[in-house]
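A short worksheet on the structure shown next.
Proteins get letters first, then strands, A, B, ... in listed order; numbering begins at 1 in each.
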Amino acid sequence: MIDVKLLRSNPEKVEEALSRRGGTVSLDSFLELDKKRRELLVETENLKAKQNSVSKSIPALKKEGKDVAPIFVEMKEISERVKAIDEEIRQLEGEIDKVLLTLPNIPHEKVKTGLSDEDNEVIRHWGEPREFGFEPKAHWDIGEELGILDAATAAKVTGTRFTFYKGDGATLERAIINFFLDTHTKHGYKEVFPPFMVHRSSMQGTGQLPKFEEDAFKVANTDYFLIPTAEVPVTNMHREEILNADELTIKYCAYSACFRAEAGSAGRDTRGLIRQHQFNKVELVKFAKPEDSYSELESLTADAERVLQLLGIPYRVVRLCSGDLGFSSAMTYDIEVWMPSYNRYVEISSCSNFEDFQARRAGIRFRRSPGSKPEFVHTLNGSGVAVGRTVACILENFQNEDGTVTIPEVLLTYMGKNVIEKE
RNA sequence: GGAGAGAUGGCUGAGUUGGCUUAAGGCGCACGCUUGGAAAGCGUGUGUAGGUUAACACCUACCCAGGGUUCGAAUCCCUGUCUCUCCGCCA
């Protein structure tokens, strides 16, 4: 959510900044509703002040034996007017909230103006895409031939965009999760294991709702949603809290399954592990002081990069342009890994600074010192990293001509073997 | 799933026969006095949000949440959420 005071004091600037995301934005309706609301507020508050002062004098008047009946008649009228105005204000606030909750975050000024991923800035590369001395296969073919990935059975049991991992495939998935968690906890992240379902307010707190409800799975007969990422439960851990400044920066890492309806991506990435309705991810989440949040974004991105470096997977880091930026984010670095089957880099991690956008929605604040005013924290998160895509990446990048796959050294203790071959 | 109890400022804890309570008292915290320095003691202050104002200030709301009764609600009524206890079921 954007600061209402900023919207009031500088609407043109906000409109201009938001239009960098594409399309035009007008705050006129908000400004009008806001003005009307404040006018009514003054009126009802004055009436309430009168109610309070008269009420306070009633016991004394009664004691003196005065007739209070005429006062009650007048007060009854005031009471009814207050009720009517309050109802009107409630409706206005509903409309104002609707506007506020659908406005995306303001992109950081360093974020390049652009329309799509074609305008993203490449920040750096690590490693070189491997030159194959043979025709490399796609991970869905490798996985099927080795008998470790099975989309057909998942389609029979559930539907499309699901996969059974079997044998060494299942073990590899589990090994990667543990490797990621161990690496991040070693670097100061506290491990949490969150609920995989959250209520509506949590989804709203991190920005998935109200605008993107069709992207989420809603659990029937409840008001719960399957989490699209651990970002949702973990960021909301501190909702409606005032943290101490000396606790910050708080760093969490969390494994979770993630569930996405993938509405609007029909026909895209239909084969393999790249776009599934359910996938595993280890997420990194930070709560930081505003002045620290951009250096924390750099270190968070570096923490996500570390696991890829340890696995020996070549990647590049791009900074998303304004048009490609997520709804809640002020700045995002995507980490993209080289995927031979796609013959291009594919996103495996997205690291964002939301500044106070989520904190404002979820009410996450901190106090600099005892007695000082609470301020909103800045929240950040990033994949550290997507597990299914890592499996795909390992299968493709480390495949051998004979159809076997060499497992990165760092996974040896987790896997118990360094080659996956057909059983 | 059934029965019962509960939810009050950072913490603790009164108030629950509706109006002398602007939510008592204690703890904690901040500042001051005291002291060679500290502790103790004494004094003062100490919630959040919204609004009015050039400012000093003032006003309004908030006792889990949302409705209702009333001139007036922490207090009475309804609905919901959560916590605890017991029973049932259960990995």
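- Spacing between atom CG of A/D67 and atom C1' of B/C71 amounts to 13 Å, rounded to whole angstrom units.
- When both pairing distances are held under 3.5 Å, B/C90 makes no Watson-Crick or G-U pair with any nucleotide shown.
- When both pairing distances are held under 3.5 Å, B/C42 makes a Watson-Crick or G-U pair with B/G32.
- Of the N and O atoms on the side chains of A/S265 and A/E262, at least one donor lies less than 3.5 Å from an acceptor on the other residue.
- A syn orientation is assigned to B/G9, its glycosidic angle lying within 90° of 0.
- Side-chain atoms of A/S79 lie closest to B/G72 of the nucleotides B/U60, B/G19, B/G72.
- Look at the P atom in both B/A7 and B/C63: the space between them is 14 Å, to the nearest Å.
- Across the C1' atoms, B/C64 and B/U48 are found 15 Å apart, a figure rounded to whole Å.
- When rounded to the nearest whole Å, the span between CZ of A/R37 and C1' of B/A61 equals 11 Å.
- Listed nucleotides B/C59, B/G51, B/C71 differ in distance to A/M75; the shortest reach to its side chain belongs to B/C71.
- Of the two residues near RNA chain B, A/F72 and A/I242, the one whose nearest nucleotide lies more 5' is A/I242.
- Between the CG atom of A/D246 and the P atom of B/C29 there is a distance of 14 Å, given to the nearest Å.
- Note: A/H238 and A/F287 meet the aromatic proximity criterion, with ring centroids under 6.0 Å apart.
- Nucleotides B/A74 and B/U17, compared at atom C1', are 15 Å apart to the nearest Å.
- Between B/A73 and B/U16, the distance separating the two C1' atoms is 11 Å to the nearest Å.
- Aromatic pair A/F225/A/F217: centroids not less than 6.0 angstrom apart.
- Between B/A49 and B/U44, the distance separating the two C1' atoms is 26 Å to the nearest Å.
- Of all nucleotides present, only B/A7 satisfies the Watson-Crick or G-U wobble test against B/U81, with each distance under 3.5 Å.
- Taking atom C1' on both B/G13 and B/G25, the two are 8 Å apart, rounded to the nearest angstrom.
- Atom CG of A/N52 and atom C1' of B/G18 are 15 Å apart (whole Å).
- Using a 4.0 Å heavy-atom cutoff across all strands shown, A/L41 reaches sugar-phosphate atoms only and no base atom.
- Within the 4.0 angstrom heavy-atom criterion, no nucleotide atom of any strand lies near A/N46.
- Using a 4.0 Å cut-off, no side-chain N or O of A/K48 falls inside it from OP1 or OP2 of B/U60.
- Between A/T44 and A/Q51, it is A/T44 whose nearest contact on RNA chain B lies nearer the 5' terminus.
- Using a 4.0 Å heavy-atom cutoff across all strands shown, A/K373 reaches sugar-phosphate atoms only and no base atom.
- When both pairing distances are held under 3.5 Å, B/G18 makes no Watson-Crick or G-U pair with any nucleotide shown.
- For A/V42, taking side-chain heavy atoms from C-beta onward, the closest of the listed nucleotides B/G67, B/G51, B/C71 is B/G51.
- Under the side-chain contact (heavy atoms from CB on, under 4.5 Å) test applied with A/K166, the options A/I148, A/D150, A/T171 reduce to a single match, A/D150.
- Nucleotides B/U75 and B/U69 have their P atoms positioned 15 Å apart, rounded to a whole Å.
- Counting to the nearest Å, the C1' atom of B/C59 and the NZ atom of A/K50 are 16 Å from each other.
- Look at the P atom in both B/U12 and B/A3: the space between them is 30 Å, to the nearest Å.
- Nearest nucleotide to the side chain of A/Y224, out of B/C71, B/U48, B/C82: B/C82.
- Under the salt bridge (charged side-chain N to carboxylate O under 4.0 Å, His left out) rule, A/E375 has a single partner from A/R367, A/R368, A/R365, A/R360, which is A/R368.
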Please walk me through it: do A/S322 and A/K112 pass side-chain hydrogen bond (donor to acceptor under 3.5 Å, both in side chains)?
CA-CA 6 Å; A/S322 57; A/K112 192 180 139 192; over 6 Å; no
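- Taking the side chain of A/R38 as heavy atoms from C-beta on, and the options B/C71, B/C59, B/U52, the nearest nucleotide is B/U52.
- In this entry B/A24 has no Watson-Crick or G-U wobble partner, no candidate having both defining distances under 3.5 Å.
- Regarding A/D86, its CG atom lies at a distance of 10 Å from the P atom of B/G67, rounded to whole Å.
- Below 30°, between 30° and 60°, or above 60°: for A/Y294 and A/H108 the angle between ring planes is between 30° and 60°, a tilted geometry.
- Distance A/L47 CG to B/G72 C1': 15 Å, rounded to the nearest Å.
- Nucleotide B/A74 forms a pair with no other nucleotide shown, judged by Watson-Crick or G-U wobble geometry with both contacts under 3.5 Å.
- Atom CD1 of A/I78 is separated from atom P of B/U60 by 13 Å (rounded to the nearest Å).
- Using a 4.0 Å heavy-atom distance criterion, A/R200 is classed as making no nucleic acid contact.
- Note that A/K190 lies outside the cation-pi zone of A/Y252, set by a 6.0 Å cut-off to the ring centre and a 45° limit from the axis.
- Summarising the base pairing, B/A54 is matched to no nucleotide, lacking a Watson-Crick or G-U wobble pair whose two defining distances lie under 3.5 Å.
- Searching all strands for a Watson-Crick or G-U wobble partner of B/C62 with both distances below 3.5 Å returns B/G47.
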